[in-house]
Peer 1: 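Encoded as structure tokens, here's the structure I'll be asking about.
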Amino acid sequence: MSTNLSELSGRKGLQNNLFDKMGQLAQDTGTPSPEALEKLANEFLVGKANTYGTATFYDFMKPENKGKKVYVCNGTACLCAGTQDKVIETLKTNFAADEIGHMTCLGRCHENGAFHYAGKNYSGTAIGGLQDILQSDSDKNQDGYTAKANGTAILTQPFTNIKAYYAPFRAALQKDAAHVLNEIKASGVRGRGGAGFPMGLKLEFCRKEESDTKFIICNADEGDPGAYSDRYLLEQQPHSVLFGMLIAGYVTGAAHGIVYIRAEYPEAVTITQAAIDELRTEGLIGENIAGSDFDFDFKIIQAQGSYICGEETALINSIEGQRPEVRVRPPYPAQNGLFNKPTVVNNVETLATLHYILENGGAAWKAIGTDRSSGTKLVSLDGLFNHPGIYEVEMGTPLTAVIYDLGGGFNRPVKALQIGGPLGGLVPITKVSELTIDFESFSQNGFLLGHASVVAVPQDFPIMKFIEHLFDFAAYESCGKCFPCRLGTKRGQELATKALESDYKIDRKLFTDLLTTLEQGSLCAHGGGIPLPVRNALQYFEEELKEYFN
């Protein structure tokens, strides 16, 4: 993307943000008008094609969204649970077909049956009370789920109060920032968003850059169907995330924090903003915080419906009001990120770990878990478990303990688990006993821990249909920048659909070449990651799939 466009977008600052304004223009009708987009283009000195190209990319700004009144979750967890046909049928008694859109995913994976209406999310049995939802401001959007630790409670520890909770932050302000960074590095904490990159190194890279402006971005665009651990933190533990961003800002010399929250989590936006307001009241954000020379403030930016924005460079482009296409690296965001300034992008859960590390020291975190995967991890279990919910487990915990001891097993026969989102591995039940919750165990066995979301695939759900769903999702959500992903994911979906709907047999060599091209040729993990679960399916469910291949 053009560095000039980045500069033009940033010249008005975060509070007068181009992308934010586009979202506001779409609120009334579902899409900004061409006239309004042209006015924005003139205001920010960018071309009309830029604002129009951006708006037409996102689910909740594109012209096709005009007139949509209700949205149904079409994520993997809800699909496998088989709840959504009933939801759509019920909604059609009150809405025309073209008034019903889709969202992926609403983070209601623990009970499925999810849909969105008038700025609120609903799930479970809520669809049975549709008339109450339509006729009044009901509280049926409230949900409840288990959230507990199996062992050391760190991320699930109850919040105390502002004064006590932020004492480690005040203490950190009295120390040299380099000392604080060393504690984070000593902890060995790795990114919880999927890649597992050491957090301390990322902060150090940004710290070393010379710039009068730096940014800390919280990537709260939790788009993996089946994952709702970030939603849990934002809605029930928002101060853990904000604390982490303040520490990251202090360590790197950044004064600006952006919480990029997906549009599918409207409640998270409200709750997180309330937490930010509390900090302002307590004098813990703004200028010269707690009598120090450290300045820091927050800005929430609400996403507009795009899975690819979970990729850090696409997210940066999104905030700038550009199409969220993946950037070629290097340069990396820590060197040249938002508005061409040094930027650190961290996942919600990653940032939330810093409170424990600052309060207890890096060695305390390092002592938990395994040597290379330290600390605890939040695991999301979906609605096919007897005890769905969020479980905090120490790294190295056997997967069987999570599934059967914590999750209580399944409420119907299950043949596989997709762990780590749509780009995560497809784990047959027969392999569960060989895995532990840590990066190395999953990688060595040909899977991916990722976000640690667990979606159960029922025994009666065809694996070929699952493959088609994965390719369809990947094709729809591709940013379109690189040919292997843009074309390859669509070709994969077409092959799977043709095999399912006719007697067509897929050429196995052609299919394997397609997967290899996606893996080796894609610019980012979106196109490069989708072959993993497909290869797992071909390896472990060959008998079931052989009728579709020659």
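Throughout, numbering of the chain's residues begins at 1 and tracks the sequence. For clarity, every value in this text was computed on a predicted model and none was experimentally measured.
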Peer 1: Would one find more than 12 heavy atoms of other residues, nucleotides or ligands at under 6.0 Å from atom CZ of F483?
Peer 2: no

Peer 1: Using a 3.5 Å distance criterion without hydrogens, assess whether the side chain of T54 forms a donor-acceptor pair with backbone atoms of T51.
Peer 2: no

Peer 1: Does this structure show an ion pair linking R262 with E264, if we count only N-O contacts that are shorter than 4.0 Å?
Peer 2: yes

Peer 1: Using the rule ring-ring contact (aromatic ring centres under 6.0 Å, His included), only one of F339, F298, F296, Y260 pairs with F215; which is it?
Peer 2: F339

Peer 1: Within a reach of under 6.0 Å around NZ of K341, are more than 12 heavy atoms found that belong to other residues, nucleotides or ligands?
Peer 2: yes

Peer 1: Can H451 and E222 be counted as having a side-chain donor-acceptor contact under 3.5 angstrom?
Peer 2: yes

Peer 1: Using a strict 4.0 Å threshold on nitrogen-to-oxygen distance, state whether R231 and E267 make a salt bridge.
Peer 2: no

Peer 1: Just wondering, are more than 12 heavy atoms of other shown residues or ligands nearer than 6.0 Å to CD in E287?
Peer 2: no

Peer 1: Taking the side chain from N65 and the backbone from G30, do they hold a donor-acceptor pair closer than 3.5 Å?
Peer 2: yes

Peer 1: May I ask you to say whether E204 pairs ionically with R207, meaning some side-chain N is under 4.0 Å from a carboxylate O?
Peer 2: no

Peer 1: Please identify which of these residues, Y71, F473, Y476, meets the ring-ring contact (aromatic ring centres under 6.0 Å, His included) condition with H102.
Peer 2: Y476

Peer 1: Is the shortest distance from a Lys or Arg side-chain nitrogen in K120 or D137 to a carboxylate oxygen in the other one below 4.0 Å?
Peer 2: yes

Peer 1: Okay, side chain of K202, backbone of F197: is any donor-acceptor separation there less than 3.5 Å?
Peer 2: no

Peer 1: Any side-chain heavy atom of L242 sitting closer than 4.5 Å to one from Y165?
Peer 2: no

Peer 1: Cut-off 3.5 Å, side chains only: do N219 and E312 have a donor facing an acceptor?
Peer 2: no

Peer 1: Donor-acceptor pair, S522 side chain versus L518 backbone, under 3.5 Å?
Peer 2: yes

Peer 1: Given Y307 and T104, is the side-chain contact (heavy atoms from CB on, under 4.5 Å) satisfied, shown in steps?
Peer 2: CA-CA 8 Å; Y307 176 75; T104 313; over 6 Å; no

Peer 1: So, for Y117 and Y122, is the gap between ring centers shorter than 6.0 Å?
Peer 2: no

Peer 1: Determine whether more than 12 heavy atoms belonging to other residues, nucleotides or ligands lie under 6.0 Å from atom NZ of K299.
Peer 2: yes

Peer 1: Under 6.0 Å from the six-membered ring centre of Y332 and within 45° of its axis: does the NZ or CZ of R329 meet both?
Peer 2: no

Peer 1: Once side chain to side chain contact (heavy atoms under 4.5 Å, CB included) is applied, do any residues pair with P63, and if so which ones, sequence neighbours excluded?
Peer 2: T31, Y52, T56

Peer 1: Tell me yes or no: between the side chains of Q304 and S306, is some donor less than 3.5 Å from an acceptor?
Peer 2: no

Peer 1: By side-chain hydrogen bond (donor to acceptor under 3.5 Å, both in side chains), which residues pair with R486, not counting sequence neighbours?
Peer 2: none

Peer 1: Got a donor-acceptor contact below 3.5 angstrom from the S478 side chain to the G480 backbone?
Peer 2: yes

Peer 1: Is the ring centre of F60 less than 6.0 Å from the ring centre of H116?
Peer 2: no

Peer 1: Please work out whether the ring planes of F169 and F294 are parallel, tilted or perpendicular, with thresholds of 30° and 60°.
Peer 2: perpendicular

Peer 1: Decide yes or no on side-chain contact (heavy atoms from CB on, under 4.5 Å) for K21 and N16, but give the supporting numbers first.
Peer 2: CA-CA 8 Å; K21 288 194 168 188; N16 192 14; 2.6 Å; yes

Peer 1: Check whether any side-chain N or O of S380 sits under 3.5 Å from a backbone N or O of Y228 as a donor-acceptor pair, and report yes or no.
Peer 2: yes

Peer 1: Between E320 and R327, does at least one N-O distance fall below 4.0 Å, as a salt bridge requires?
Peer 2: yes

Peer 1: So does G421 get a backbone contact from the side chain of Q418, meaning a donor-acceptor N/O pair under 3.5 Å?
Peer 2: yes

